[in-house]
Each structure stands twice: as structure tokens, then as C-alpha cells.
Amino acid sequence: MDPPKTSFQQRLRTLIGERTVSGFARHVGLSESLVRKYLQGSEPTLSKARQIARRCDVSIDWLAGDQSASRR
């Protein structure tokens with residue numbers, strides 16, 4: 001049986017933490033409006049997900065919600 005998955009949206013909220021959405025957007029090199037769309041449930045393209053993962057030093061599998069993947 002596969003481990004349960006958490007959503008990209010939940011993982012993104014974890015990465016944002018105590019930062020503002022605009023501060024996080026600047027950190028990852030995306031527009032604030034795009035990050036807000038992701039927080040509302042939109043899914044990123046693979047290239048945008050990779051960009052977020054790379055800038056936050058997490059694995060793409062973890063960011064995608066794979067419970068068996070390590071954060072890094």
C-alpha cells in the first residue's frame with residue numbers, strides 16, 4: 001500500500017511558514033499572484049515546481065506530496 005499524500009498546497013504553506021506571500025514569491029522568483037493561485041489549489045507546471053523545490057532546498061517528490069520522500 002502506498003503512503004498517503006499531502007497536497008502541493010499544504011507543502012507550499014509549510015515552505016512559506018511565517019514569511020509573507022510576497023516575500024516567499026521573491027525568494028523563489030515567482031510572482032505573488034502565481035503563488036497565491038497555488039495556495040488556492042492551482043497546480044504548478046513541472047518547471048515551476050522544480051524552481052520552488054530548488055530555491056527552498058527540498059526534493060521535488062516531497063513538494064509534490066509524496067510522504068515517503070524526504071524533505072531533503
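In what follows, residues are counted from 1 in the order of the sequence shown.
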Pairing residues for Q51 by the side chain to side chain contact (heavy atoms under 4.5 Å, CB included) criterion, not counting sequence neighbours:
L30, K48, R54, R55
Using every non-hydrogen atom in the two residues, find where F8 and S42 come nearest and quote the distance to one decimal.
CD2-O, 4.4 Å
Side chain proximity check, V35 to I16, heavy atoms < 4.5 angstrom:
yes
For R36, enumerate each residue passing the side-chain hydrogen bond (donor to acceptor under 3.5 Å, both in side chains) test, keeping only those at least two apart in sequence or located in another chain.
E32
If you round to the nearest 0.5 Å, how far is OG1 of T14 from CH2 of W62?
5.0 Å
Rounded to the nearest 0.5 Å, what separates atom CD1 in I52 from atom CG in L63?
6.0 Å
P44 side chain near R50 side chain, heavy-atom distance below 4.5 Å
no
Pairs flagged by salt bridge (charged side-chain N to carboxylate O under 4.0 Å, His left out) wherever residues 12-22 is involved - sequence neighbours left out
none
